[in-house]
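Since we're looking at a predicted model, the values are computed, not measured.
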Amino acid sequence: MFTLGNDGFLGTRASLAVDLVCAAMLGVLAVLAWSIWLVKSRRNYRRHKRVQIALSLMLLLLLTLFEGEMRISGWRHRAEASPYYPAMVMPVLSVHLVFAISTAVIWVYVLLVALRGFDRPPAPGRHSRNHRLWAWVATIDLIGTTLTGWLFYWLAFAAR
């Protein structure tokens, strides 16, 4: 049964919620790549929209679970055994937070503006150029969030 504070499943010092988010980000990136392929190669705007809304809801759920875990159980007590704590863990966490916060803001912007700016059913229009630009910014930012998150994870919870 899932409860906050349980040990994770990846064999490190991380909690279950941290392991879940760390593993899920691989799936998130794969689904994001598929969604981009749908719109660029297949011109399947309707499915792209549905996938992006579902992905956004999944990310919201993961973020809520993760933040709840961090607020209730914390993480530092699990990271203190790392040879990189705090000298490298904290700077990497700071960089990760810059990516994570900017990703959340940009992602919400892209989603809300797309929901308002595109016709139903979705099709290319006057909003397309702006959407493409900010969607790529969000994608690159999410990749940065994921990579810095994985680096933080290794430094804080996996390194021995």
Side-chain angles (χ1 to χ4, degrees), residues 1-40 47-116 131-160:
M1 181 175 150
F2 176 81
T3 57
L4 294 177
N6 281 357
D7 290 340
F9 56 88
L10 294 177
T12 67
R13 294 180 299 275
S15 69
L16 182 58
V18 174
D19 275 3
L20 184 62
V21 169
C22 187
M25 289 312 294
L26 189 60
V28 166
L29 292 179
V31 170
L32 181 61
W34 177 61
S35 180
I36 293 167
W37 176 81
L38 281 172
V39 77
K40 289 191 73 59
R47 181 166 287 166
H48 173 75
K49 176 183 177 179
R50 289 178 181 159
V51 169
Q52 288 300 313
I53 290 170
L55 193 57
S56 298
L57 292 173
M58 188 182 86
L59 284 168
L60 179 62
L61 177 67
L62 278 172
L63 181 62
T64 301
L65 171 70
F66 178 77
E67 284 300 318
E69 168 88 2
M70 294 303 100
R71 301 293 176 241
I72 293 169
S73 299
W75 61 273
R76 291 174 199 260
H77 65 286
R78 292 176 178 271
E80 287 171 344
S82 170
Y84 302 107
Y85 183 85
M88 289 181 67
V89 169
M90 299 312 283
V92 169
L93 176 60
S94 296
V95 172
H96 171 68
L97 289 173
V98 168
F99 277 107
I101 293 166
S102 62
T103 297
V105 170
I106 295 167
W107 193 282
V108 168
Y109 167 77
V110 170
L111 183 66
L112 292 178
V113 171
L115 289 172
R116 288 188 200 142
H131 179 73
R132 245 188 332 270
L133 170 70
W134 284 104
W136 276 114
V137 171
T139 298
I140 292 165
D141 214 12
L142 182 64
I143 291 167
T145 300
T146 302
L147 294 177
T148 58
W150 286 342
L151 179 59
F152 170 78
Y153 180 93
W154 185 83
L155 290 169
F157 306 118
R160 306 235 179 250

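Note on residues 65-84: pairs passing ring pair (Phe, Tyr, Trp, His ring centres under 6.0 Å), not counting sequence neighbours, are Trp75-Phe152, Tyr84-Trp154. A salt bridge (charged side-chain N to carboxylate O under 4.0 Å, His left out) check over residues 72-91, counting only residues at least two apart or in different chains, returns the pairs Asp7-Arg78.
Counting only distance, with no hydrogens or angles, the side chain of Trp150 and the backbone of Cys22 share a donor-acceptor pair below 3.5 Å. Ser82 places no side-chain N or O within 3.5 Å of a backbone atom of Phe157 that could act as its donor or acceptor partner. Side-chain N or O atoms of Thr145 include one that pairs as donor or acceptor with a backbone N or O of Phe99 at under 3.5 Å. Arg13 places a side-chain N or O within 3.5 Å of a backbone atom of Ala159 that can act as its donor or acceptor partner. Although no hydrogens or angles enter the test, the distance criterion places no donor-acceptor pair under 3.5 Å between the side chain of His131 and the main chain of Ala114. Under a 3.5 Å cut-off, the side chain of Thr103 and the backbone N or O of Asp141 do form a donor-acceptor pair.
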Query - side-chain contact (heavy atoms from CB on, under 4.5 Å) between Thr139 and Trp134, worked out - result: CA-CA 8 Å; Thr139 298; Trp134 284 104; over 6 Å; no
Query - Evaluation steps, side-chain contact (heavy atoms from CB on, under 4.5 Å), between Gln52 and Leu32 - result: CA-CA 8 Å; Gln52 288 300 313; Leu32 181 61; 3.6 Å; yes
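A heavy-atom distance below 4.5 Å is found between the side chains of Ile36 and Trp136. The closest side-chain heavy-atom distance from Asp19 to Tyr153 is below 4.5 Å. Contact annotation: the side chain of Met70 approaches that of Val18 to within less than 4.5 Å [non-hydrogen atoms, C-beta and beyond]. At least one side-chain heavy atom of Met25 sits less than 4.5 Å from a side-chain heavy atom of Leu59.
The local environment of CG in Leu115 is crowded, with over 12 non-hydrogen atoms from other residues, nucleotides or ligands closer than 6.0 Å.
Evaluated for a side-chain contact (heavy atoms from CB on, under 4.5 Å) with His96, the options Leu147, Thr148, Thr146, Ile101 yield exactly one hit, Thr148.
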